[in-house]
Amino acid sequence: MHVNATEIYQNSTTEYLNYYGTVNLERDIQKYSKPVICLSGFIGNFLSAAIFLSKSQRKTSCSLYLGVRSLSDTGFLISLFFIWLGDMQVNAFKAPGLCQSIIFLSYVCAFLSVWFIVIVTFENYIRICMPFQVNTYCTTRKAKIIIVLFTLISFIIYNFTLWTFTVKIAPSGMSLCLPIQEFNYILQYLYYIDTVVTLVLPTLITIVLMIPITYNLLELLRRQQARLTGKSQQKDRRQSTPQSKVTKLLFSVSLAFILLSLPSHVVRTHLAISSFVALEEIDPLVVSLKYIFETIYYLSFAVNIVIYLTFGDRFRSDFKNKFCSRFSSKKEQSSQTTPSVLNADREESNTLLCQANNVRSETHV
């Protein structure tokens with residue numbers, strides 16, 4: 001789901017939305033929630049990237065994937081923010097080349113974000129279903145190669161956005177980022193290909209991988225409960241291995257992706273098929289659902305830090321040490337400075353008082 005495909009690119013679906021007034025509420029909710037999503041996402045993704053790419057965490061492959069994903073999510077939110085500026089009648093695409101750059105950024109970042117989820121899910125599959133292959137496949141060297149490879153693939157696939165879009169001036173004076181008319185036919189087919197590459201295929205792969213992951217996790221929990229009873233069971237719950245902690249985090253990331261993205265993907269696929277086949281008009285209910293599920297989908301780029309803090313024990317610990325401890329130390333330092341200043345003032349006043357008494361005594365003598 002790209003902002004360029006759903007917001008900038010004015011296809012038949014957009015014209016249909018302008019005809020029906022039943023989607024005004026859903027459209028307004030999405031319109032005014034975008035800046036909140038973007039701002040919270042900027043902060044959360046920046047903090048997440050700072051933790052995952054720190055010296056202590058970038059030694060593991062999954063941290064590299066999640067760190068780069070945080071950066072790509074930020075890039076997507078930047079493009080979404082520019083679309084919101086257009087919604088608010090701000091002339092955001094006036095600068096030369098900005099239109100094409102925003103379109104390119106939205107495509108590339110959406111592609112990278114979704115495929116890094118697939119890679120993280122596959123790595124979790126190896127950790128749970130093929131634990132003896134972890135040291136072979138889940139290495140930082142392979143992770144860096146995969147990150148560079150997918151980045152290059154995204155640049156190659158979506159370079160067409162740099163020469164198929166242009167800025168057109170509307171009668172109101174607004175600069176609109178629109179496809180060049182002679183490329184409309186090509187862009188329509190590229191849009192369908194992108195739907196398969198960034199929506200259908202990664203979602204299916206993630207769901208297929210999650211089935212054996214979930215089954216093996218349930219079997220593992222069942223065996224542990226069967227072996228452990230009483231105090232030994234409570235002790236085992238308190239002591240969890242680093243491998244199980246990583247598995248829990250990766251599983252929650254993949255599950256959140258499916259829950260937040262799948263409804264929007266289903267509606268968008270339905271609209272794409274309806275537009276391609278052109279056998280029936282689009283149901284207004286589907287259009288309303290499109291706006292609702294799109295907003296939820298945008299949230300998936302902003303709420304990741306909540307997932308990391310909730311299910312990532314090591315992430316939560318490093319987050320507290322890196323950010324919360326600095327804040328508390330500054331607070332303690334300021335609180336310690338205030339009494340010391342007061343003590344210094346008291347000592348100085350006592351010294352002055354003693355000097356005054358000495359002068360008086362000398363005068364009497």
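For reference, positions follow the sequence shown, starting with 1.
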Quick one: OG1 on Thr74 to CG on Leu80, what's the gap to the nearest 0.5 Å?
12.5 Å
Please work out whether the ring planes of Phe93 and Phe82 are parallel, tilted or perpendicular, with thresholds of 30° and 60°.
tilted
Under the side-chain hydrogen bond (donor to acceptor under 3.5 Å, both in side chains) rule, collect the residues that match up with Arg222, sequence neighbours excluded.
Glu219
How far does OG of Ser252 sit from CD1 of Ile307, to the nearest 0.5 angstrom?
6.0 Å
Could you tell me which residues satisfy side-chain hydrogen bond (donor to acceptor under 3.5 Å, both in side chains) with Arg316, sequence neighbours excluded, listed by chain and number?
Asp313
Quick test of your reading: applying ring pair (Phe, Tyr, Trp, His ring centres under 6.0 Å), list the pairs with at least one residue in residues 203-223, sequence neighbours left out, ordered by first then second residue.
none
For Tyr297 together with His265, are the ring centres under 6.0 Å from each other?
yes
Going by the rule ring-ring contact (aromatic ring centres under 6.0 Å, His included), which residues pair with Phe311 if we only count those two or more places apart in sequence or in a different chain?
none
Output for pair (Lys290 NZ, Thr295 OG1), nearest 0.5 Å, gives 9.0 Å
Roughly how far, to the nearest 0.5 Å, is the CD1 atom of Ile102 from the CZ atom of Phe165?
12.5 Å
Is the shortest side-chain N to carboxylate O distance from Asp318 to Arg58 below 4.0 Å?
no
OG1 (Thr140) and CD1 (Ile147) are apart, to the nearest 0.5 Å, by 10.0 Å
Would the Tyr107 and Phe160 ring centres measure less than 6.0 Å apart?
yes
Val286 and Val267, any side-chain heavy atoms less than 4.5 Å apart
yes
Using the six-membered ring wherever Trp is involved, compare the ring planes of Tyr189 and Tyr192 and label them parallel, tilted or perpendicular (cut-offs 30° and 60°).
perpendicular
Partners meeting ring-ring contact (aromatic ring centres under 6.0 Å, His included) with Tyr32 (sequence neighbours left out):
none
Output side-chain donor-acceptor pairs under 3.5 Å for residues 35-48, partner residues at least two apart or in another chain, one line each.
from: Ser40; atom 1: OG; to: Val36; atom 2: O; distance (Å): 2.8
from: Ser40; atom 1: OG; to: Ile37; atom 2: O; distance (Å): 3.1
from: Asn45; atom 1: ND2; to: Gly41; atom 2: O; distance (Å): 3.0
from: Asn45; atom 1: ND2; to: Phe301; atom 2: O; distance (Å): 3.0
from: Ser48; atom 1: OG; to: Gly44; atom 2: O; distance (Å): 2.8

Taking the ring centre of each residue, are Phe52 and Phe315 less than 6.0 Å apart?
yes
So, Lys142 side chain and Thr136 main chain: donor-acceptor pair closer than 3.5 Å or not?
yes
Taking distance alone, no hydrogens or angles, what donor-acceptor pairs closer than 3.5 Å link side-chain atoms of residues 202-211 to residues at least two apart or in another chain?
from: Thr203; atom 1: OG1; to: Leu199; atom 2: O; distance (Å): 2.6
from: Thr206; atom 1: OG1; to: Pro202; atom 2: O; distance (Å): 2.7

Rounded to the nearest 0.5 Å, how far apart are OG of Ser106 and CG of Leu77?
11.5 Å
Quick one: are Arg268 and Phe293 in side-chain contact, heavy atoms under 4.5 Å?
no
Intermediate values then yes/no, disulfide (SG to SG under 2.5 Å), Cys138 and Cys62:
CA-CA 8 Å; Cys138 304; Cys62 60; over 6 Å; no
Pairs involving residues 105-123, ordered by first then second residue, that meet salt bridge (charged side-chain N to carboxylate O under 4.0 Å, His left out) (sequence neighbours left out)
Glu123-Arg127
With Ser175, which residues qualify under side-chain hydrogen bond (donor to acceptor under 3.5 Å, both in side chains), at least two apart?
Asn91
State which residues pass side-chain hydrogen bond (donor to acceptor under 3.5 Å, both in side chains) with Ser70; sequence neighbours excluded, sorted by chain then number.
none
Could you tell me whether the side chain of Asn184 reaches within less than 4.5 Å of the side chain of Pro179, counting heavy atoms only?
yes
Do Leu64 and Leu53 come within less than 4.5 Å of each other through their side chains, counting heavy atoms only?
yes
Heavy-atom side-chain contact between Leu66 and Tyr308 under 4.5 Å:
yes
Tracing side-chain contacts under 4.5 Å among Ile, Leu, Val, Met, Phe, Trp and Tyr outward from Leu218 reaches none
Short question: side chain of Asn321, backbone of Ser317 - any donor-acceptor pair under 3.5 Å?
yes
Which donor-acceptor pairs under 3.5 Å do side chains of residues 110-118 form with protein atoms, sequence neighbours excluded?
from: Ser113; atom 1: OG; to: Ser72; atom 2: OG; distance (Å): 2.8
from: Ser113; atom 1: OG; to: Asp73; atom 2: OD1; distance (Å): 2.6
from: Ser113; atom 1: OG; to: Cys109; atom 2: O; distance (Å): 2.9
from: Trp115; atom 1: NE1; to: Val197; atom 2: O; distance (Å): 3.1

Side chains of Val303 and Leu260, heavy atoms from C-beta outward: is any pair under 4.5 Å?
yes
Specify whether Phe104 and Phe155 have parallel, tilted or perpendicular ring planes, treating 30° as the upper limit for parallel and 60° as the lower limit for perpendicular.
tilted
